[in-house]
**Q** 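I am attaching a structure below and will ask some questions about it afterwards.
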Amino acid sequence: MERKFSLSKEHAPKAGLTISTRETESGSVGVTYFSLGKDTDISAERYPEDVLYLGNFGSGEFRLRKAVEDKEQLRRLAAGEAVMVKKNMLCGVRTTEGFIYTEVIPGKDINMNDQVKAGEVFQLANLLPYEKGSVVNMDVASNPNMKLVLMAFDAGTGLSEHSAPGDALIFALEGEVELVYEGTPHKVKAGEQFRMAKGGRHSLKAEGRFKMALLLTLA
């Protein structure tokens, strides 16, 4: 089912609480939203697979290390940024101001674009440019189960009606777009999200320049 929403409103950080909400578990892929109140943290844990984290609101500090006795590597993550943590790395999170982020467990190791490195924070919108009169695409992370794609739309450009081969989440990064889903128009602007079901017919038209991240689950 389609759903336009705002993580900063629906999952606003609450004092003294850490809250996790499962968005979807499509086959082998798990997507969970985490909302951390001011001055809270999540203890370090490790996964047997690569994990992708997307910052949505506020900021937090990821604490990475290979073993308990190792010195922590600190990675500060803010809205519009992302980091991929390699399998079996201990990873904890803390925030002093409140933080919302999306955790993507893809089921298999992730292949990363050469422009980004595992364990390093990257600004999503800065990875690709606008091109006059064009739509620019970049595959950032992928495996047989999922794909994270960035798209930059110049003013007046768009995509004709089509359907996706899996469930999809749009994270609007810059500007605003008109998204028509199953015949119903929606305005989606920076900081908002939109969920589309597998096979849902949709088209996009950007009046001004617009950038987004698309998380597509394939298995």
Side-chain angles (χ1 to χ4, degrees), residues 1-12 21 23-24 26-27 29 31 33 52-58 78-82 100-102 104 106 110-113 115-116 122-143 145-219:
M1 179 181 293
E2 81 277 7
R3 187 166 74 96
K4 175 185 170 182
F5 60 104
S6 169
L7 286 171
S8 63
K9 294 178 181 178
E10 291 189 14
H11 299 278
T21 306
E23 163 64 23
T24 182
S26 178
V29 182
V31 178
Y33 306 129
L52 185 65
Y53 295 98
L54 310 175
N56 303 121
F57 176 82
E81 296 180 334
I100 302 172
Y101 64 92
T102 300
V104 183
I110 300 173
N111 299 312
M112 300 292 289
N113 189 288
Q115 292 195 40
V116 296
F122 52 95
Q123 177 66 244
L124 291 165
N126 291 346
L127 286 179
L128 76 173
Y130 291 106
E131 294 287 343
K132 185 174 177 60
S134 304
V135 179
V136 181
N137 288 18
M138 174 190 286
D139 287 357
V140 177
S142 64
N143 69 17
N145 298 334
M146 55 76 66
K147 181 181 288 190
L148 177 67
V149 183
L150 297 179
M151 304 184 73
F153 297 77
D154 193 25
T157 64
L159 299 176
S160 57
E161 187 175 80
H162 63 287
S163 59
D167 290 344
L169 278 170
I170 287 175
F171 297 85
L173 302 172
E174 290 182 359
E176 181 179 271
V177 74
E178 181 178 78
L179 186 154
V180 179
Y181 184 88
E182 293 289 341
T184 301
H186 304 268
K187 291 286 188 179
V188 184
K189 61 183 179 180
E192 294 182 332
Q193 294 76 38
F194 196 93
R195 184 181 189 277
M196 298 183 291
K198 178 179 180 179
R201 296 178 295 104
H202 60 281
S203 62
L204 294 95
K205 179 66 178 294
E207 295 183 5
R209 286 182 160 185
F210 175 73
K211 287 183 180 181
M212 71 180 198
L214 174 68
L215 178 63
L216 183 65
T217 58
L218 301 170

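For clarity, every value in this text was computed on a predicted model and none was experimentally measured. Below, each value reflects all heavy atoms present in this structure, side chains not excepted, and no hydrogens, waters or symmetry copies.
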**Q** So, the side chain of Q193 versus the backbone of G191: is there a donor-acceptor pair under 3.5 Å, distance only?
**A** yes
**Q** For K205, does the NZ atom have more than 12 heavy-atom neighbours from other residues, nucleotides or ligands under 6.0 Å away?
**A** no
**Q** Return yes if some donor-acceptor pair links the side-chain N/O of N145 with the main-chain N/O of P106 below 3.5 Å, else return no.
**A** yes
**Q** Quick one: are L218 and P165 in side-chain contact, heavy atoms under 4.5 Å?
**A** yes
**Q** Kindly say whether the aromatic ring centers of Y181 and H186 come within a distance under 6.0 Å.
**A** no
**Q** Going through the distances and angles, do L7 and F57 end up as a side chain to side chain contact (heavy atoms under 4.5 Å, CB included)?
**A** CA-CA 8 Å; L7 286 171; F57 176 82; over 6 Å; no
**Q** Is the backbone of K9 close enough, under 3.5 Å, to the side chain of H11 for a donor and an acceptor to pair up by distance?
**A** no
**Q** For the backbone of K198 and the side chain of D167, can you confirm whether one donor and one acceptor N or O come within less than 3.5 Å of each other?
**A** yes
**Q** Hey, does the side chain of E176 reach the backbone of V188 with a donor-acceptor pair shorter than 3.5 angstrom?
**A** no
**Q** I'd like to check the side chain to side chain contact (heavy atoms under 4.5 Å, CB included) partners of A78; sequence neighbours left out, ordered by chain and number.
**A** S59, E81
**Q** If we only count heavy atoms from C-beta on, is the T102 to Y53 side-chain gap below 4.5 Å?
**A** no
**Q** Taking distance alone, no hydrogens or angles, what donor-acceptor pairs closer than 3.5 Å link side-chain atoms of residues 123-140 to residues at least two apart or in another chain?
**A**
unit_1, atom_1, unit_2, atom_2, d
Y130, OH, E174, OE1, 2.8
S134, OG, K132, O, 3.2

